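Here the structure is laid out as structure tokens; the discussion comes afterwards.
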Amino acid sequence: MPSMIEVKNLKKHFKVPHGVLHAVDDVSFKIEKGTTIGIVGESGCGKSTLGRTIIHLLESTDGEIYHNGEDVTYLDKKQLRRYREKVQLIFQDPYSSLNPRMTVDEIIREPLKLSRRYTKTVLEEEVTKLMELTGIEERLRMAYPHELDGGRRQRVGIARALALNPDFIVCDEPVSALDVSIQAQILNLLMDIQENTGLTLMFITHDLSVVRHISDEIAVMYLGQMVELAKTEDLFNRQLHPYTQALLSAVPSTDIHNPSQRILLKGELTSPINPKPGCRFISRCPYASKHCHDPQALEELHPGHFVACSRAASELLGDGDSDRSGHGHGPESGHGHESGHGHEGGHGHEGGHGPEGGHGHESGHGPEGGHGHDGEHGHDGGHGHRSDHDTGHEYEEPRHNSERHTHPGPYDPELDGPVDTGKGDGR
Amino acid sequence: MDASKIHLSVRDLVVEYTSGGDTIHAVNGVSFDLEKGKSLGIVGETGAGKTTIAKSIPRLLQSPPAHIRSGEIYLDGEDILQMSGDKLLDIRRRKISMIFQDPMTALNPTMTIGAQVAEVLRLHESMSRHDIEKAAAEMLSRVGIMEDRYNEFPFQFSGGMKQRVVIAMALACRPDLLLADEPTTALDVTIQAQMLDIISHMRDKFDTTLILITHDLGIVAENCDVVAVVYAGKVIEYGSREDIFDHPSHPYTLGLFRSLPSFALGERRLHPIAGMPPDPRYIPEGCAFHPRCPRAAYACKTGHEVANRELSPGHFCRCMFPETGGVSVRGGFGGHTPDQPPGGVDTAGPGGPNRPPSDQTAAVGEDTGPGGLAGHAPDQFAEGGGASHA
């Protein structure tokens with residue numbers, strides 16, 4: 001059975017005055033029928049662009065998109081119309097996504113009418129059915145969006161999206177603007193609908209507890225790239241990418257007796273305009289070493305667990321416990337560079353820190369500090385002065401907002417974001 | 001609470017807004033005391049009156065439409081609401097700072113970052129121009145903004161950096177009391193973690209009293225000593241962090257916790273609070289929460305105001321039928337699994353949403369361990385019925 005949605009090497013670039021903004025860069029993944037994939041990442045990481053490109057609200061720059069096994073990368077007007085009946089979008093802001101001059105009835109009726117599938121009497125029934133399904137009270141049929149509260153507006157948005165029985169819906173932060181109690185109502189509604197209709201969902205959000213609850217699989221994005229993809233529980237049990245570790249640790253926990261061990265990241269998201277070929281997380285990464293300047297490919301390090309981090313990959317390969325199959329790429333080009341330095345053996349054992357995080361705190365050493373196998377690696381992360389390495393690339397980073405962190409190095413609490421104050425998590 | 005240590009004391013605060021002939025009852029009798037150096041978290045849903053409470057303290061509410069009908073706000077023993085204009089300005093200069101939710105609108109787009117921080121210092125302290133600039137640069141570096149960005153404008157900064165500037169401005173004069181109104185809501189989690197870390201270090205250093213307004217219970221759990229849960233302009237539960245997170249007693253507080261996805265680990269369905277928050281123009285009689293409350297009885301719906309009961313020293317709850325069993329609310333990403341199904345001994349609990357809990361409830365509750373919502377089926381907090389938990 002073909003996957004509901006499959007994208008291969010999808011790219012979406014925008015031309016901006018100072019270059020090219022890589023909003024989505026070489027992303028490949030599949031979504032199986034009836035499942036939910038959660039897309040998480042910080043603002044500006046390209047998660048919304050990814051969703052919109054898949055449903056053709058934006059045209060892709062490169063790559064392929066398949067829907068039910070059918071190539072939908074390029075669609076003419078007629079095909080697009082048919083495709084749009086099958087894929088839908090629920091927006092974050094129900095305040096601005098509903099036409100203020102239409103009643104609830106008209107908003108839900110419009111797609112039904114445009115499809116020309118129904119006669120007038122059936123149309124009426126369909127609207128009623130959709131309102132019941134999404135829990136909108138009959139008395140609100142003639143109400144205008146401004147008369148509704150956020151939760152009810154979002155229900156109208158959901159009813160409209162469901163009108164033509166789509167098989168795939170992109171939910172772009174559908175509950176982020178809602179209070180927790182209302183958020184829970186909407187999440188329950190979406191899960192019920194999915195259970196009853198076998199709908200496939202792509203759930204874009206920055207709220208990790210929401211995404212954990214609703215998703216079967218989670219993809220973590222950073223600056224246009226997918227850095228980790230795994231089954232929900234796998235991801236929460238074991239994060240292999242340093243960014244995922246930091247992201248998850250940053251979520252405040254309501255468990256007062258067991259506060260989360262925070263990994264404070266340095267700086268902020270760098271600019272996605274004209275990015276360098278290497279790992280884009282490098283300027284904030286506590287474990288950055290020179291291998292990170294090589295392109296990172298998304299690799300399957302455990303069955304179903306994909307990571308784009310050469311450090312995580314080499315660690316696991318060193319342990320010999322991974323089955324190594326590239327994902328959408330050839331054998332990653334990243335390791336090609338190492339041979340020039342002649343220390344692959346050491347590299348295989350680099351680290352010895354579990355990916356579980358927290359290790360970066362022992363500063364003053366390279367990331368491999370105190371490890372028997374570190375060999376030449378000791379100096380890699382130690383100060384990370386780029387010019388030391390004959391890597392053939394120009395690594396001087398452009399001046400971004402996180403200007404202080406052009407030197408990748410081990411996590412050093414003294415250098416951390418809040419300079420004078422950042423003693424790691426010692427509060 | 002040691003009376004001599006009380007820094008801020010709010011008594012029976014009532015604030016109304018008038019809009020188009022309607023009266024909006026935003027704050028309806030709020031009282032609390034806060035000790036020097038402690039942090040209070042105010043939680044509640046949109047429209048509950050959280051921001052109005054905070055803005056009343058430095059008298060930042062615009063009047064009209066807002067009107068402080070009654071109440072007293074004592075800062076170091078002096079009633080802010082009775083102060084003359086000059087005195088008030090002085091208090092705002094030296095003692096109170098506020099951080100607003102949206103850093104984008106809190107900064108002047110035509111002034112450089114450095115000049116804005118320096119302005120705060122210039123207005124509030126008597127120093128030479130040179131010293132002011134030095135102090136401003138130092139303040140900025142404290143929040144991680146290097147000196148070379150001193151002469152840049154807000155549009156050159158990202159959201160997280162702007163909020164850091166706002167924090168630097170708020171802390172520049174070492175306020176005794178810091179009011180932070182959703183300071184991190186507009187920010188990403190990794191930046192949020194940085195910001196809260198900065199605030200917490202600053203507090204340690206200057207012994208600042210903090211009022212933190214948020215809808216995120218996780219932030220409260222990690223940053224606040226005392227918690228006030230606000231509903232329809234009233235503090236419906238107040239207590240230490242341990243009181244609120246280990247023994248939430250008001251059905252609304254319980255409902256908030258049960259709505260969190262992290263609470264429902266291992267369960268597919270979430271348990272939202274039924275219904276919607278009340279329209280602040282027409283607040284229900286009796287307990288304002290009764291239309292949504294699974295325990296509401298006749299007594300809750302009549303005109304009498306529900307008394308504020310002290311359940312244990314310092315733990316107050318405005319409910320006729322508070323939860324008194326051992327309830328533990330755990331959540332987050334600490335690898336929590338619900339070790340016991342909630343409501344194990346459900347049969348002794350109330351049978352339906354309209355019956356008040358019987359006296360046995362408390363007794364039953366004590367047997368149920370952590371993780372269980374003692375004596376009450378979670379279904380009660382879902383939309384409808386009180387069917388027992390399987």
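In this text the structure is predicted, and so the values were computed from the model without any measurement.
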Review point. Looking at B:Ser259 and A:Ala184, what are the two nearest heavy atoms and their distance?
Key: O-CB, 3.6 Å
Check your understanding: Should the heavy atoms of other residues, nucleotides or ligands under 6.0 Å from NE2 of A:His18 be counted, would the total exceed 12?
Key -> no
Study note, to complete from the structure: B:Ala193 and A:Arg262 have their tightest heavy-atom pair at CB-CD, 3.6 Å
Point to revise | B:Arg241, CZ: over 12 other non-hydrogen atoms inside 6.0 angstrom | key: yes
Exercise for review: Name the member of A:Asp207, A:Leu178, A:Asp149 that forms the most heavy-atom pairs with chain B at distances under 4.5 Å.
Suggested key: A:Asp149
Check your understanding: Going by atom types only, do A:Glu42 and B:Thr190 share a side-chain donor-acceptor pair under 3.5 Å?
Key -> yes
Review point. What closest approach, in Å, do A:Thr254 and B:Phe245 show between heavy atoms, and which atom pair accounts for it?
Key: O-CD2, 3.4 Å
Review point. Is the number of heavy atoms from other residues, nucleotides or ligands under 6.0 Å of B:Glu147 CD greater than 12?
Key: no
Practice item. For A:Asp179 and B:Glu45, indicate whether the former's side chain and the latter's backbone hold a donor-acceptor pair under 3.5 Å. Key: no
Review point. Do B:Leu270 and A:His213 have side-chain heavy atoms sitting under 4.5 Å apart?
Key: yes
Review point. Do A:Ile182 and B:Met276 have side chains that get closer than 4.5 Å, going by heavy atoms?
Key: yes
Point to revise | Toward chain A, the part of B:Arg203 with a non-hydrogen atom under 4.5 Å | key: neither
Study note, to complete from the structure: For B:Pro261 and A:Ser209 the tightest heavy-atom approach is CB-O, 3.4 Å
Revision key, fill the gap. Rounding to 0.5 Å, atoms OG (A:Ser253) and CD1 (B:Ile219) come to a distance of 12.0 Å
Check your understanding: Do B:Asp216 and A:Pro252 come within less than 4.5 Å of each other through their side chains, counting heavy atoms only?
Key -> yes
Exercise for review: Assess whether atom NZ of B:Lys38 is packed by more than 12 heavy atoms of other residues, nucleotides or ligands within 6.0 Å.
Suggested key: no
Check your understanding: For A:Ile256 and B:Glu242, what are the C-alpha separation, side-chain angles and deciding distance, and is it a side chain to side chain contact (heavy atoms under 4.5 Å, CB included)?
Key -> CA-CA 8 Å; A:Ile256 57 171; B:Glu242 287 71 22; 4.0 Å; yes
**Study point:** Residue part contacting chain B, namely of A:Ile214, when any heavy atom lies under 4.5 Å
**Key:** backbone
**Study point:** Salt bridge present between A:Asp192 and B:Arg269 (N-O < 4.0 angstrom)
**Key:** yes
Review point. Can you check whether A:Ala250's main-chain N or O pairs, donor with acceptor, with B:Gln192's side chain at less than 3.5 Å?
Key: no
Practice item. Keeping the roles fixed (side chain from A:Gln185, backbone from B:Ile273), state whether a donor-acceptor pair exists under 3.5 Å. Key: yes
Revision key, fill the gap. Here the pair of heavy atoms bringing B:Glu222 nearest to A:Val251 is OE2-O, 4.3 Å
